[in-house]
Amino acid sequence: QLQASGGGLVQAGGSLRLSCVDSGRIINNYGMGWFRQAPGKEHEFVAAISFSGDTYYADSVNGRFAISRDNAKYTVYLQMNSLKPEDTAVYYCAVRTYDGSYLSPNSYRYWGQGTLVTVSS
C-alpha cells in the first residue's frame, strides 16, 4: 500500500517535499513515478525514478522538481521548488510494474491515494 503525504498550501515560488511510503515493501525492485491531476484534466506525468536511480522529468517541472528514493525506508520523494500556480493538483505516486514508458500511467499498476498541492499566486 502506498501512502503519499506532504501536500499543502504554498505561495508561488515556495517549496514542498512530497513523500510516498510503501508499507508493502515492494518498491525496491521497481521504478516509481509521480503523476498529478488538476481539476478537469487527465493524469499528467511529473517525474519517475528507476530502481537503479535513473530519473525522468516532464518538461514543465524539469529543473524545479527532483525525485529521489530511499530504499532503506521504502520511500520515494518529490522535492518541488519554485512552485507555480499551474502546479496545483492532486499528486499521486505509483509503482511501475509494466515494461512500458515511464511517462505513461498505463505502465504503473499500484497507486497511492494522492496528496493535494495548492499553489497560490
Side-chain angles (χ1 to χ4, degrees):
Q1 182 176 358
L2 302 177
Q3 182 71 40
S5 63
L9 174 64
V10 64
Q11 288 188 331
S15 299
L16 285 173
R17 188 176 81 154
L18 306 184
S19 299
C20 176
V21 180
D22 171 32
S23 60
R25 299 191 173 190
I26 69 167
I27 68 171
N28 289 0
N29 295 320
Y30 297 100
M32 295 292 297
W34 285 97
F35 289 77
R36 65 189 181 187
Q37 188 171 26
K41 295 188 176 181
E42 299 286 328
H43 270 87
E44 176 189 18
F45 170 77
V46 176
I49 185 167
S50 72
F51 72 91
S52 60
D54 296 326
T55 57
Y56 309 84
Y57 296 97
D59 289 343
S60 59
V61 307
N62 196 21
R64 300 188 296 122
F65 291 11
I67 188 171
S68 61
R69 64 191 302 161
D70 184 340
N71 286 344
K73 297 181 178 180
Y74 300 92
T75 301
V76 176
Y77 303 99
L78 184 68
Q79 178 66 44
M80 305 186 297
N81 300 325
S82 302
L83 282 161
K84 304 175 181 180
E86 51 263 43
D87 294 319
T88 295
V90 177
Y91 284 71
Y92 298 89
C93 59
V95 183
R96 178 180 174 269
T97 60
Y98 303 119
D99 290 332
S101 169
Y102 276 92
L103 279 63
S104 171
N106 295 328
S107 300
Y108 297 79
R109 179 176 181 181
Y110 302 108
W111 293 76
Q113 87 288 357
T115 184
L116 176 62
V117 172
T118 304
V119 184
S120 63
S121 58

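With hydrophobic clusters built from ILVMFWY side chains whose heavy atoms lie under 4.5 angstrom apart, Ile67 does not share a cluster with Tyr56. Using a 4.5 Å cut-off between side-chain heavy atoms of Ile, Leu, Val, Met, Phe, Trp and Tyr, with links allowed through other members, Tyr57 and Met80 fall into the same hydrophobic cluster. Both Met32 and Ile26 are part of a single hydrophobic cluster, where members link through side-chain heavy atoms under 4.5 Å apart. Hydrophobic cluster membership differs between Ile49 and Leu103, with clusters built from Ile, Leu, Val, Met, Phe, Trp and Tyr side chains linked at under 4.5 angstrom. By the rule that hydrophobic residues join a cluster once side-chain heavy atoms approach within less than 4.5 Å of another member, Leu83 and Trp34 end up as members of one cluster.
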CA sep, side-chain torsions, deciding dist, call: Leu2, Ile27, side chain to side chain contact (heavy atoms under 4.5 Å, CB included): CA-CA 9 Å; Leu2 302 177; Ile27 68 171; 4.1 Å; yes
Begin from the C-alpha positions of Glu44 and Ser60 and carry the test side chain to side chain contact (heavy atoms under 4.5 Å, CB included) through to its verdict. CA-CA 10 Å; Glu44 176 189 18; Ser60 59; 3.9 Å; yes
Determine whether Tyr108 and Phe35 satisfy the following criterion, ring-ring contact (aromatic ring centres under 6.0 Å, His included), listing intermediate values before the conclusion. CA-CA 10 Å; Tyr108 297 79; Phe35 289 77; 5.0 Å; yes
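We find the CZ-OH distance between Arg25 and Tyr74 to be 5.0 Å, quoted to the nearest 0.5 Å. A distance of 14.5 Å separates CZ in Phe65 from OG1 in Thr55, rounded to the nearest 0.5 Å.
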Which atom pairs, one a donor and one an acceptor, fall under 3.5 Å between side chains of residues 91-100 and the rest of the protein, sequence neighbours left out?
from: Tyr91; atom 1: OH; to: Arg36; atom 2: NH1; distance (Å): 2.9
from: Tyr91; atom 1: OH; to: Asp87; atom 2: O; distance (Å): 2.6
from: Arg96; atom 1: NE; to: Gly100; atom 2: O; distance (Å): 3.2
from: Arg96; atom 1: NH1; to: Tyr102; atom 2: OH; distance (Å): 3.4
from: Arg96; atom 1: NH2; to: Gly100; atom 2: O; distance (Å): 2.8

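The closest donor-acceptor contact from the side chain of Asn71 to the backbone of Asn28 lies at 3.5 Å or more, if one exists at all. Looking only at distances, no side-chain donor or acceptor of Arg69 sits under 3.5 Å from a matching main-chain atom of Gly31. With hydrogens and angles disregarded, no donor-acceptor distance shorter than 3.5 Å links the side chain of Thr75 to the backbone of Val21. Of the possible donor and acceptor atoms, one in the side chain of Gln113 sits under 3.5 Å from a partner among the backbone N and O of Ala4.
The shortest heavy-atom contact between Thr88 and Ala38 is O-CB, 3.8 Å. Nearest approach of His43 to Gln37, heavy atoms of both residues: CE1-OE1, 3.4 Å. The minimum heavy-atom distance between Asn81 and Ser15, with the atom names listed, is OD1-OG, 2.9 Å.
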